Amino acid sequence: MSMRRALSMRGAAMASCRGFLGAGPSATSSTTQQDFDVVVFGGGMIGSALACLLKQSPLTSELKVAVVDRNAPSSPSSSIADLPQVPDIRVSTLTPSTLALIDRVGADWAIHPTRSASFHDMQVWDQTASRKHMRFSGSGEGPLGRVVENEVIKSALQRRAQELGCEYASGGVKEVLAPRPRVGITREAGDDDDLCDRPSVVFEDGRVLSAPLLVGADGSESIVAKSAGIRYEGRAYGQRAVTCTVDVSRPFATAFQRFLPTGPIALLPVRGGRGNIVWSTTPEHARRLESLGARDFAAEAMEALTVEGGPVPSSSSSSRGGGGWESALASRASALLGLRGGASPPAAFEDPPEVVSVAGGRQRSFPLASKHALTYCQRGVVLVGDAAHRIHPLAGQGVNIGFGDCELLVTTIQEALWSGQDFSANLTLEKYAAERRNKNGAMIRSLDAVRALYQSESPYVEAARSFGMDLINGFGPLKQVFVGFASSNAAAADIRSP
Amino acid sequence: MLLARGCGIATASRRAGMWCARRLLASEANKGTGATMSGSSSVDPREIEKFAKRANEWWDTGGTYGPLHRLNYARSPFIRMAACDHYGLNAEQRRPLESLSVVEVGCGGGILSESLAAMGAKVTAIDAAEESIEVAREHLKRNKVVPDGRLSYVATTGEALASENRRFDVVVSSEVVEHVVDPPSFCRTLAELCKPGGLVVMSTINRTVWSYSLAIVAAERILGMAPRGAHDWNQFVTPDELTIMCEDAGLGLTAVSGMRWSLPKNQFELSRDTSVNYIAAFSKAGDRGAGE
């Protein structure tokens with residue numbers, strides 16, 4: 001008996017498998033069991049996007065898809081004019097590839113200019129006084145990204161998924177029955193991988209939905225992952241992000257992000273000419289910021305965006321001495337990275353608009369943590385979006401990599417159908433899981449690297465920073481992090497150092 | 001997206017096919033395969049026993065036959081495209097082969113048979129080893145991909161089936177010809193099972209230094225992926241030999257493609273490289289009349 005077999009054996013798993021199969025008939029006798037090809041657990045942005053993609057793509061469009069959510073979805077006929085005056089504080093920054101996906105599935109209602117705000121430039125700088133900054137620019141054909149309220153994206157995708165024939169099942173869920181990982185070292189002869197792996201979802205009212213493939217799209221506290229026995233690695237950053245919608249002095253179309261020693265602060269445009277602030281900082285500071293009034297918070301945010309770390313001098317050459325090597329290195333680096341702009345004149349630093357006041361509700365904060373599932377799939381169960389990974393919001397990439405998960409999962413299922421394979425078998429799902437976990441893991445590491453670079457307390461890093469080397473050293477990880485915005489066809493990137 | 005992928009596979013296999021066909025024409029190698037057996041069956045009893053012993057391992061995707069499961073990602077798309085090209089079907093549907101009858105000769109535990117049926121074909125899958133057929137039937141009862149009634153297993157040989165005058169639109173024999181006693185006679189049997197104007201698809205392992213180092217040295221001796229003695233390198237068949245044997249049986253080569261192991265993806269994919277695993281489609285002369 002080979003080592004490989006010894007490692008992939010089933011023991012306790014058989015018992016649990018029989019357990020829930022045995023419970024099946026008694027449950028169905030009194031209630032209704034519905035069978036589908038795919039059950040998506042979680043009808044939020046990611047779950048609904050996956051449902052849309054499945055119904056919209058060749059081959060997978062023939063699958064029966066159900067979406068389970070606690071709350072009823074927005075109905076396809078509901079009025080679209082009832083958005084609140086002030087945008088909600090929960091917004092997502094969508095990259096061109098995510099925008100293309102939303103457009104492709106026919107949910108472009110969400111990204112209409114009246115319901116979203118586009119930005120054509122992204123400006124990243126730090127607290128040093130050198131005015132050294134990076135600017136990513138759109139190529140003119142389309143925006144670099146769009147900021148949309150999560151609620152708007154969700155309801156557009158839910159509507160579209162229903163139009164495409166996905167069934168939404170809402171109500172309280174009693175339990176999720178998923179096959180558990182194999183335990184033990186004995187295995188019966190002829191015992192194979194994927195026969196009794198049929199997960200199901202049991203509602204409190206007795207309804208049972210069952211399918212060969214259960215997709216966990218239920219966020220970072222995933223019930224699906226828990227019941228499938230999938231564990232996570234991760235860490236708390238020991239920081240909180242304060243977020244709110246703000247009134248600003250002028251409309252703007254740039255995503256601003258400034259790295260402060262306490263954490264990054266971002267000012268993004270949202271619909272109606274307003275802004276959205278996401279300010280990562282220490283828990284004590286976050287609590288103090290939360291307690292401030294609308295005007296006081298605005299003043300503090302303004303200060304953080306402009307003067308903290310010393311006033312910005314008007315002449316950029318003063319702090320840089322005569323050394324032209326930095327810009328030479330910068331243009332060399334951007335040339336190596338394949339980005340436009342090595343030889344073009346540096347983009348001017350854009351002052352962020354003045355933050356006037358908090359608009360709508362109060363500012364609120366949430367803890368920052370990163371979390372990564374140790375595996376994305378487990379015998380008929382697969383994870384997408386935040387259920388698989390929760391990342392630092394500094395690059396606004398969390399939801400975008402979730403949409404990326406959906407695309408690869410659908411492609412993987414298509415490949416299986418194309419080859420006449422079982423799309424719910426581990427053999428199939430592992431391909432999605434391995435490729436996506438690698439990619440998302442790299443993103444998480446890059447974010448950690450950027451964070452470490454800007455917030456390190458190491459004297460060496462601080463010394464390097466004071467020499468003005470930070471941005472140049474940060475090119476690799478920073479480019480990685482913002483690559484989602486910079487690499488699309490619709491947008492060329494432009495990294496400059498004045 | 002899938003359309004693009006599908007077409008990619010199609011053109012890749014077509015390109016590979018053309019390239020290989022050209023190479024075959026230029027080649028004069030005809031090693032032959034030694035003495036022909038006079039018996040009616042090309043089945044080697046020792047080979048059957050070898051597979052019967054391991055019948056319960058067919059569906060363990062992490063075990064002995066794991067590579068065959070991963071091979072499905074190359075051979076099923078090839079058969080899908082070859083059959084759709086040949087019969088003018090739309091490969092972009094989920095089950096494009098619904099109008100076709102298919103026989104798989106040497107189906108083992110049914111790893112490929114289920115995929116063929118999942119693509120819509122009405123499949124008759126046969127194997128000389130009863131034990132394998134038992135395992136295949138058992139798995140079919142609980143499988144999740146085959147539409148009801150589209151797949152049936154029979155423990156018999158190709159010769160026996162041919163003598164019952166059974167004829168099929170597509171004849172598939174994957175990773176079998178290297179295990180039979182008399183390959184030329186085996187090819188004649190496959191040709192006989194095929195309707196006039198039909199299609200025969202075979203896959204096997206080439207006899208090259210590469211296949212020796214990968215299939216025998218690496219897979220059997222070092223990695224233990226396949227049991228020792230699973231393959232006899234001397235019985236491997238080159239594309240040239242396979243083409244000549246099939247031509248003698250009245251089958252003309254239409255496409256060849258290599259199937260290459262991709263380490264990062266951990267699966268087989270179609271490629272131009274036929275030096276180890278390859279798959280070939282042959283068409284049988286004649287008008288497509290009303291068949292079985």
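Computed from a predicted structure; not experimentally measured. Sequence lines set the chain letters: A, B, ... in the order given, protein chains first and strands last, and positions in each chain run from 1.
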Give a yes or no on this: more than 12 heavy atoms of other residues, nucleotides or ligands lie within 6.0 Å of atom CD of A:Glu62.
yes
Please look at B:Ala91 and chain A and tell me whether the side chain, the backbone, both or neither of the residue comes under 4.5 angstrom of a heavy atom of that chain.
both
From [X] atom [atom1] to [Y] atom [atom2], the distance as rounded to the nearest 0.5 Å:
X: A:Glu415; Y: B:Tyr73; atom1: CD; atom2: OH; result: 7.0 Å
X: B:Arg75; Y: A:Ser419; atom1: CZ; atom2: OG; result: 11.0 Å
X: B:Arg94; Y: A:Leu63; atom1: CZ; atom2: CG; result: 5.0 Å
X: B:Gln93; Y: A:Leu417; atom1: CD; atom2: CG; result: 13.0 Å
X: B:His69; Y: A:Asp422; atom1: NE2; atom2: CG; result: 11.0 Å

Considering all heavy atoms, the nearest A:Gly420-B:Ala118 contact
O-CB, 3.5 Å
Which of the residues B:Leu116, B:Leu97, B:Val145 is involved in the greatest number of heavy-atom pairs with chain A at under 4.5 angstrom?
B:Val145
B:Arg95, B:Met119, B:Lys141, B:Glu114: which one forms the most heavy-atom pairs within less than 4.5 Å of chain A?
B:Met119
So A:Pro212 and B:Lys144, do their side chains get closer than 4.5 Å, heavy atoms only?
yes
Using a 4.5 Å cut-off on heavy atoms from C-beta on, say whether the side chain of B:Arg70 contacts that of A:Leu427.
yes
Set of residues satisfying salt bridge (charged side-chain N to carboxylate O under 4.0 Å, His left out) with respect to B:Arg80, sequence neighbours excluded
none
Part of A:Ala416 within contact of chain B (heavy atom distance under 4.5 Å)
both
Counting only non-hydrogen atoms closer than 4.5 Å, does A:Thr428 touch chain B with its backbone (N, CA, C, O), its side chain (CB onward), both, or neither?
both
Residues in side chain to side chain donor-acceptor pair (under 3.5 Å) contact with B:Gln267, at least two apart in sequence or another chain
A:Lys431
